[in-house]
Amino acid sequence: MITFPASACLTTLNMKMYLKNIAFIIILLAGYLSAPRADAQMGCNLTVKSGPLRQSFEGFGVCSIGNWASYDPTLRSQMADMVYRDLKMNVVRCWVTTTGSGANPTLVSVADMLSYFNTTYIASGFIGTVKACGVTKLLLAPAQAGGGVYAPASLSNYAANLAELILQLKNTYGVQMDYTGISNEPGGWTPAQVAQCVACLRTALDSRGLADVKIVAPESSASFGGAAAQLDGMRNDSAAWEGTYAIASHAYSPLQDYEFETRKLDKQWWITEAACSAGPDIEYPEDENFASWILEIFLNNMNHGVTEWVHFNGPRQVADFYANPRYPSHFVIADLKTGSLVTL
């Protein structure tokens, strides 16, 4: 029998996700128990050994997307409750474009970054809404225009701009960024550039009285290969490693190695993007294959020592969901054509 506490507030999305997870575990157990074995036993004892924690799971959340102010007010409120409150998320990752496109990107001005952030997250009511729903951590996600992966020419100037943005958000709008990355999926950065940027950013934050803003890096697209080399660059630079609060990467498939796990030492490990990348880029409601896949990624990440887990996207509004249901990286869609919510 499955029982729920009287205080639980389970929406349709929450209930479906819970039951899908339970069903998945039951299927795994059923397959195991039904397989005949020569050495089968009628029972077993499980022993939990005392000792230090291997890891402490700090919570999970999602990346933000779209202009919250443009969403239907009623559907927007329902989605906020379903995703941020009922799933008890504690972190939201907020994007800002920090450099232009191309292999030698120019810096976006602090004024332009501040204006964008205010319009998208503050004036729109987004930050106020998620805070009211229980979110306690805001993670800044710097990104190159057009999804670029290249470092700017002057990393010290870049770090100074980023730190100044965080300071102006605090002084002008009263918004405290608790964490920041250095760049989204910096695949074109060398290990030395990653390390230099972390060190410069830590110095720039501290010099502005922002020692409480923590750095998570490198936020690579994976946790092996070139990303592991970038992590080595951070570890080999004492200023960069001391300035790093948590190592960070993305997860679009189950981890196939231990390269980040064996390198994190005493640091936390954050997954700052995760979603299903298997099969066609189409997901209809009640698609158990996608649900099982993302659950596999989550459990795999936990087994490798991840401490904070951020799904790629949460809610989104579209004009007609069923005309082109290509939203497998979302939790719930507001379908304006039917005036209803589609849970995925």
Side-chain angles (χ1 to χ4, degrees), residues 63-64 93-108 110 113 116-117 139-166 177 179-205 213-237 239-253 255 257 259-261 263-264 267-275 277 301 306 308 310 312:
C63 300
S64 59
R93 185 169 180 248
C94 301
W95 299 89
V96 64
T97 300
T98 50
T99 59
S101 60
N104 295 295
T106 57
L107 301 184
V108 176
V110 173
M113 291 190 290
Y116 169 82
F117 197 98
L139 168 61
L140 187 65
Q144 184 180 359
V149 297
Y150 300 102
S154 175
L155 288 170
S156 59
N157 290 344
Y158 174 79
N161 268 16
L162 191 53
E164 187 63 26
L165 168 65
I166 294 172
M177 298 308 301
Y179 305 87
T180 182
I182 59 168
S183 186
N184 181 64
E185 298 188 351
W189 294 41
T190 66
Q193 287 174 322
V194 170
Q196 181 186 352
C197 188
V198 172
C200 287
L201 181 55
R202 183 70 273 160
T203 298
L205 289 169
V213 179
K214 301 175 176 66
I215 298 174
V216 299
E219 292 199 276
S220 49
S221 61
S223 57
F224 52 87
Q230 290 177 336
L231 196 56
D232 285 338
M234 293 165 55
R235 289 178 55 190
N236 293 332
D237 184 308
W241 193 244
E242 290 173 7
T244 301
Y245 174 76
I247 65 171
S249 64
H250 296 169
Y252 286 90
S253 63
L255 301 174
D257 54 69
E259 292 190 49
F260 262 44
E261 183 179 12
R263 285 168 166 80
K264 69 185 184 70
K267 304 294 185 183
Q268 291 195 24
W269 180 6
W270 286 30
I271 296 295
T272 54
E273 280 185 30
S277 61
N301 292 168
V306 166
E308 187 94 27
V310 179
F312 187 32

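Being a predicted model, the structure only gives us computed values, none of them experimental.
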Say whether, by atom type as modelled, one donor and one acceptor occur between the side chain of Gln230 and the main chain of Pro186 under 3.5 angstrom. yes
Could you state the interatomic distance from CG (Asn157) to CG (Leu107), rounded to the nearest 0.5 Å? 6.5 Å
Gly181 and Leu201: which non-hydrogen atoms are nearest, and at how many Å? O-CD2, 3.9 Å
Does the pair Glu273/Arg93 count as a salt bridge with the N-to-O cut at 4.0 Å? yes
Test side chain to side chain contact (heavy atoms under 4.5 Å, CB included) applied to Asn161 and Glu164, step by step: CA-CA 5 Å; Asn161 268 16; Glu164 187 63 26; 5.6 Å; no
Are Leu165 and Leu140 packed together at the side-chain level, in the sense that at least one heavy-atom pair is separated by less than 4.5 angstrom? yes
Is a side-chain N or O of Gln144 found less than 3.5 angstrom from the main chain of Tyr150, in a donor-acceptor match? yes
d(Met177 CE, Cys94 SG) to nearest 0.5 Å is 5.0 Å
Determine whether the side chains of Tyr158 and Thr99 contain a donor N or O and an acceptor N or O closer than 3.5 Å. no
Looking only at heavy atoms, which two atoms of Pro218 and Ala248 are closest? And how far apart? CD-O, 3.4 Å
Please list, chain by chain and in numerical order, all residues satisfying ring-ring contact (aromatic ring centres under 6.0 Å, His included) with Trp189, sequence neighbours excluded. none
Nearest 0.5 Å, what's the OG1-NZ distance between Thr244 and Lys214? 13.0 Å
Looking only at heavy atoms, the pair that brings Ala204 and Ala160 closest together is CB-CA, 4.2 Å
Assess whether side chain to side chain contact (heavy atoms under 4.5 Å, CB included) is satisfied between Ile247 and Trp241, documenting all intermediate values. CA-CA 9 Å; Ile247 65 171; Trp241 193 244; 3.8 Å; yes
Under the side chain to side chain contact (heavy atoms under 4.5 Å, CB included) criterion, do Glu308 and Leu139 qualify, and how do the steps go? CA-CA 12 Å; Glu308 187 94 27; Leu139 168 61; over 6 Å; no
Near Tyr179 OH, under 6.0 Å, is it more than 12 heavy atoms from other residues, nucleotides or ligands? yes
Heavy-atom distance under 4.5 Å between the side chains of Ile215 and Leu205, does that happen here? yes
Atom pair OG/NZ of Ser223 and Lys264 - distance to nearest 0.5 Å: 12.5 Å
Inter-residue atom distance Leu162.CG - Cys200.SG, 0.5 Å rounding: 11.5 Å
Grab the two heavy atoms, one from Ile182 and one from Glu219, that are nearest each other, plus how far apart they are. N-OE1, 4.4 Å
Answer whether the closest heavy-atom distance between the side chains of Pro152 and Thr106 falls below 4.5 Å. no
Pair His250, Thr272 - check side-chain hydrogen bond (donor to acceptor under 3.5 Å, both in side chains), show working. CA-CA 6 Å; His250 296 169; Thr272 54; 3.1 Å; yes
Test: salt bridge (charged side-chain N to carboxylate O under 4.0 Å, His left out). Region: residues 142-157. Which pairs qualify, not counting sequence neighbours? none
If you take all heavy atoms of Glu259 and Ala228, which pair is closest and at what distance? OE1-CB, 3.0 Å
For Val213 against Arg202, the heavy-atom pair lying closest together: O-NH1, 2.8 Å
Using ring-ring contact (aromatic ring centres under 6.0 Å, His included) as the criterion, list what pairs up with Trp269, not counting sequence neighbours. Phe260
To the closest 0.5 Å, what do you measure between OG (Ser220) and CG (Leu231)? 8.0 Å
